[in-house]
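One structure is given below, encoded as C-alpha cells.
A note on names: the letters A, B, ... follow the listed sequences, proteins ahead of strands, and every chain is numbered from 1. Since this is a predicted model, take the numbers as computed values, not measurements.
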Amino acid sequence: MSSLIPAPIASLPWRLLILLSCIATFGTVVLYSAAGGSFTPWAINQAARFCIFLAMALGISRLPVSLFAKIALPGYAAILGALVLVELIGGVAGGSQRWINLGFMQLQPSEFMKPMIVLAVSQFYAQLPVGELRRWGAIWPALVLIGLPAGLVLIQPDLGTSIMIVAGGVTAMFLAGLPLRLFVGSGLAVAAAIPIAFSFLHDYQQKRVLIFLDPESDPLGAGYHISQSKIAIGSGGIFGKGFLNGTQSHLDYLPEGHTDFVFATMAEEWGLMGGMALILSFAMLFRWGIRVALRTTDKFSRLVAAGLTTTIFFYVAINMLMVMGLAPVVGIPLPFMSYGGSSMLTVMLCIGIILAIDRGQKSPGSWT
Amino acid sequence: MKFGKSSGKIVTQASQSFSFTRRAMVLGGIQGGIGLLLAGRMAWISVAENEKYQLMSESNRVNLTLVPPRRGWIVDRNGRPLANNRTDFRVDIIPDRLRDKDATVAALANILSIAPDEVERIHEDLEKAAGFQPVEVAADLDYEQYAAVSVRLPDLPGVAPAQGFSRHYPGGATVGHLIGYVGTASAKDYEARKDPLLITPGFKLGKDGLERTFDLQLTGKPGAKRVEVTARGKVVRELTTRPDTPGNTIRMTIDAGLQEYAGRRLGTQSGSVVVIDCHSGDLLAMASMPSYDPNSFSDGISHAEWDMLSQDDHIPLRNKTLKGLYPPGSTVKPMAALSFLEAGLGPEETVNCSGAIRVGNALFHCWSRRGHGAVNMHRGIAQSCDIYFYVMAQRMGMQVIADMARRLGMGQKFPLPYPSQSYGTVPDPAWKLKKYKQDWQIYDTVNATIGQGYMLINPTQLAVMASRLASGKELMPQLLFQKDRAPPRSMGVSQAHLDIIHNAMSAVVNGGGTGGAARLPVPDVLMAGKTGTAQVRRITMAERAGGVRGNASLPFKLRDHALFQGFAPFDNPRYAIGTILEHGGHVSRVQDAPMISADVMSYLFDPAKATERLEKYEKEWGGPPAERAIAQMAEYRRVKGLQPVPGSAAPAEGANAANAAADADDQPPTTTNAAHDGEVPE
C-alpha cells in the first residue's frame, strides 16, 4: 500500500465506490434528459441524495457487525410496530396510507422492512443450534417473522414491497440450509395452484392477468404502461436515439418515465448498449456482495451479506422484468436510477451493512 | 420434532458452512441466469423487434392531419367553369372538443352576426354530429371575421377556423339540378366508407346531380400535414407537409352560357328547357326552374330556406328535365303523322273537321270549336287539328303510333349520369292489358294521338324527339364531352317523309300556324316546331256549353301545361329544343313555351341580342333568379313572422309584382312583341 495515501483513505473500497458512482451518474444523466434537458427537478436532487446516502453507507461500514446482530430483532419489532401504526392511521384517514408523517420527513416503514427482514431471519438462524435445523422449530418462527410484515404491507396495499419482503426472508431461509425439498415442494405446489387460483378469479381479474400476458390487447387501458415501455426500449435499437432525443419520454407517452420506468427512458436514448452496460454494472455489484458472503466465516454475517445482496437484486430484477414486459406492473424502482429517496436509502443501508461485514472479516482477531 | 424421514444425517457446523457456500453459489447462478434472461429479452426487443417498435414509436409521435383536396372543376364544352373552387375562410366546431356548447355558439353568433335560424341549424347539426365530425358554423367569411374568431380561440375550445376552398357555381340556381351540390359527409357516409378524409374539417362530397355521380373522379388525393404531438395531443412542431392533388376536371357537353340563359329565360315559370345538338346528341342545356342555389346548399342551408323551397308549388327541389312527367299534348302530332306516312298514309288525304266527332258514344272536340274544314296532313300539323288525328289514328291503329313514339325516344331511359329518371309511358294495347287488365279501347287511341290519356313524357324526351325528327338519326343525349364519338345511326325513316313533317312544322311557326310566337328573332334562320297544351283537369259538358274557363282565372295547379318542341334552322337542323311549362296555361305570351323556346334558340345564333332582350324582361320579373330568390325569401320570412336576414333589405314587392303581372296580363308588352316580329323575315 502506497505510503503517499493516508491509510483511512486508502482503505476505502474504491472499486465499489467507483462502480456505484458510475451507475448513479448514469442515472442522473438519464433523469436530466427525462426532465427535458434540465437539472431540475430530478437530476440535481438525485445527485445530492446519492452523495449524502453514500457518505451514510460509509459511516455504517465503520460499525461493528455485532451491533447489527444485536439490533436485528428489536429493530424488526420496532418497524413491525410502525407498520401497524401506519395501518391504524390509514384506517383513520380513510384511505390507504404507507407512511407516517414525522413533520420533517415522511417515514415509509415498509421500505425499511426490506433489509430488516433479512437481518431478523439471519439472526434467528444464527442463534439456532445447528442440530435444530431439520426440525419444525426451525421453520415456523421464520415463517411468522416473514408473514407478519408481508401481510401488513399486502393490505396497505403494496404487492411489490410485500413480494420483496417474502423473497428476502425466504432467501435467508434458503441460505441457512433448510432442506432443499421444502423449497422445491413449495415451488411445485405454488405452480400447481396458479391455474386453480386463476379459475377462481373474477372475470375482470382474469382479464387483467391476460392483459399482462398480452399488453397489446388493451393498449390504452391496463396494458398502456407495458406497451409504451416496450415501444421505448424497442425503438431505441442497438445504439439508441441519442441523448435528449427520446420521443417516448419527452412527449409523455411513457408514464412514470423518471421513476419506475426510468430504464425505458434510458434504453430509448442509449439503446441496447446502455442497457447492457447497466445490467453488467449491477452484475458486478451482486458478484461483489456474494463474494463478501463467501469470504466471511461468521454465520450471521454470511447470511446477511448474501441476503442483502439478493434484496438489491430483487429490486433490479423485478423492475427490469416489469419494464420489459416479463412481469406485471408492481411498482418496484430501479436502484440508483429511479428518482426517489426511500429506495436509495434502503439500498445504501444494504450496501453499508455489506461493507461493514467486509471490513469486519478483513480485520484479524475480531473473529473466533 | 423432526420433519421428513431424515436418514439420521447429523448437521454439523462444517456441513452447514459447506451447504451455505453451495447455496450462495446457486443463488449467484440464478442471479446470473436472470441477468442473461434480461439481456436476451432486451436484445430481442431492441434488435429483432426494433422495426416494429420504431414504427409504433413514430405513430405515437407523429400525427397525420389530412388536408382536404381541392375538388375537380366541372367545365362546359368550351372549358368555362360550371363548378369551380374559391378560396375562403371558414369556421367549424369540433363537437368532441366543445366545453360549453351554448356559450360557444352564442359567442360565435355574436362575433360573426349569424342569423337566429342559422344558429338553430348549427345546434341541430351539433345534435346530429357523431362527435368527431366537424360542424360548419359559417363559411365564405371575409378576412376580418376570420381574424376576429382566431384571436378569441383561447376562450373558445372546440372552434376551428380554417382557410380553405369552397365550391362555387357561377351559374347559381340555373345549374342547380344539372350539377347538384356538395356538403359535409353525414355519419352514414362515414360508416359506409370509413375514409378519415370524410371527417376532415372542410371536406365536402357530392350530394346530388353530377357532383354526386362523379364524386370519386372529382375528389382528389388529400394532402397531409405531419405534426409531432405529445401524449395529450398538444402539437410540438410541424414536420412535413405534402400538398394535395386536386381532383380531375370533368368536361360536359353543356354550353354554360346557354344553360344560364335558358334558366333565366324561364322567368317566373315552373318549367324546363332542354337543348340538344342535332349532329351529336350533345345536351347543350338542361335547365329546370325554379331551382335551389347550389352555392347556398353547399354551405349548409337554413331551416327557413329549406321550408320555403319544399313548400313552393313551383317545386324547386325537383329536377323537372328528367323527373317531371307531363302529357305531351299536341307535341306528339308530328310524330304521329310520321308514323302514318311510314305506314303508307298519303300526305294529301284529307279529313273534314267540323269541330267534333263521335267516337263510340262519346263526343270528341277539336280545340277549334268552329272546325278547320278540309284538313290534310300539312294543315293538320300546322293548325294542330285534333279531328284529323282522331280519324287517321283510328284508321292506322295504335300500334304504328306507339312504335314510332318509342323510336323517337318516348318512354326511353337514357344513359345519363343521374341516379334516377322518370321515363314516362307509351301506351299500347299490350301495355294496357298488362297494367290495367283491360282491353284497349278506340277512345284510348283517340286520346293518345293528341298526347293525352296515358301518354307521359319528360322534357328531355321531348327534346330528343325533336332532335330525332329533325335529323332522322338515332341521337342519344350525352352529357359527358367526347371528341371522337361514333356518328349516330340513321333511324331508317324516308327523308321524303321527314321533309313533309319539317315543312309542316315550319308552317306551325312561320306559316300562320299555332306557334307564331316561336318565330326566331334572328334573320335568315327559321325554326320549325310544334306547340302543345296538356289539360290537367277534365272539362265537363256543362262547362263546355257555357264556355271553357280561361286559364288565367284558374288556380295555378289547375292550369294547363304548356309545351313546345322544335329545331332550327328548319332546312338544315342544327339544334333541337324541348320546353315544358308546368301549369303554364298560356297566360302570358312572353312567358309561354314558344317564345321562351325561340329566345333560347336565338341565343345560339346571336347571344348578345338575346341577352339584351332577356335583361329587359327581367326588369319586369323582379330581376335575375338570384335577386328574386332573395326577395322571395324575405317575403317568406315576413309571412312566417321570422326575423329578416340582417343586411338584406326586403324588396318583397318585386317578386309579387312579377307574379301579379304574369297572372293578369295576357298580352306581352307591345314593344317587345313588335321587335320580335320585326326581325323575323317573311
Side-chain angles (χ1 to χ4, degrees), chain A residues 130-137 139 171 174-177 179-182 227-228 230-238 240-241 247-248 250-255 267-268 271-272 275-276 279-280 282-283 286-287 290-291 293-294 297 299 302-303 306 309-310 313 316-317 320-321 324-326, chain B residues 1-4 6-63 228-234 236:
Chain A
V130 175
E132 295 290 309
L133 200 58
R134 288 181 174 266
R135 290 177 181 275
W136 176 235
I139 300 171
T171 304
F174 172 75
L175 290 168
L180 203 57
R181 59 177 186 276
L182 279 182
S227 292
Q228 294 302 329
K230 279 162 75 180
I231 292 173
I233 298 170
S235 63
I238 297 177
K241 294 177 185 169
T247 56
Q248 284 288 103
H250 290 161
L251 300 176
D252 300 331
Y253 290 99
L254 184 66
E268 191 184 14
L272 185 62
M276 288 302 159
I279 290 172
L280 207 63
F282 280 119
F286 305 141
R287 183 166 156 270
I290 296 286
R291 285 175 71 162
L294 290 175
T297 49
K299 209 155 103 184
R302 288 196 312 194
L303 288 177
T309 303
T310 311
F313 168 79
V316 175
M320 287 198 187
L321 287 169
M324 293 186 201
L326 294 174
Chain B
M1 148 186 166
K2 282 189 173 182
F3 51 85
S6 175
S7 49
K9 197 165 92 185
I10 302 155
V11 185
T12 63
Q13 194 82 38
S15 74
Q16 198 192 9
S17 173
F18 176 67
S19 146
F20 172 81
T21 309
R22 211 171 44 192
R23 289 194 178 187
M25 299 288 272
V26 168
L27 202 63
I30 291 172
Q31 293 183 0
I34 291 180
L36 285 178
L37 170 73
L38 287 170
R41 170 69 172 173
M42 189 176 174
W44 174 255
I45 294 178
S46 62
V47 180
E49 296 190 308
N50 174 248
E51 215 167 299
K52 167 183 150 192
Y53 286 118
Q54 224 161 25
L55 211 72
M56 289 169 82
S57 148
E58 280 296 286
S59 75
N60 260 351
R61 177 175 79 97
V62 177
N63 202 335
E228 194 173 82
V229 289
T230 69
R232 282 170 210 88
K234 194 179 145 228
V236 179

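With a 4.5 Å cut-off on non-hydrogen atoms, B/Ser19 touches chain A through its side chain but not through its backbone. Interface remark: A/Ile279 contributes side-chain atoms only to the contact with chain B (heavy atom separation under 4.5 Å). Using a 4.5 Å cut-off between heavy atoms, A/Leu280 makes no contact with chain B at all. For A/Leu175, the parts lying near chain B are the backbone and the side chain together; criterion is any non-hydrogen pair under 4.5 Å. For B/Leu55, no part sits under 4.5 Å from any heavy atom of chain A, backbone or side chain.
Atoms CG and CD, on B/Asn60 and A/Gln228 in that order, are 4.5 Å from each other to the nearest 0.5 Å. With rounding to the nearest 0.5 Å, the separation of NZ in A/Lys230 from OG in B/Ser46 is 13.0 Å. Here the CZ atom belonging to A/Phe313 is positioned 5.0 Å from the CD atom belonging to B/Gln31, to the nearest 0.5 angstrom.
Across A/Ala306 and B/Phe20, no two heavy atoms sit closer than the pair CB-CZ, 4.1 Å. For the pair A/Arg302 and B/Ser17, the tightest heavy-atom approach, listed with the atom from each and the gap, is NH1-OG, 2.9 Å.
Between the side chain of B/Arg41 and the main chain of A/Met324, a donor-acceptor pair closer than 3.5 Å is present. A distance-only check finds a donor-acceptor pair linking the side chain of B/Arg23 to the backbone of A/Phe174 [under 3.5 Å].
No other option in B/Glu51, B/Glu49, B/Met42 has as many heavy-atom pairs under 4.5 Å with chain A as B/Met42. Per-residue counts of heavy-atom pairs under 4.5 Å with chain A were compared for B/Gln54, B/Met25, B/Arg61; the largest is that of B/Arg61.
Residues satisfying the ring pair (Phe, Tyr, Trp, His ring centres under 6.0 Å) test with A/Phe282, not counting sequence neighbours, are none.
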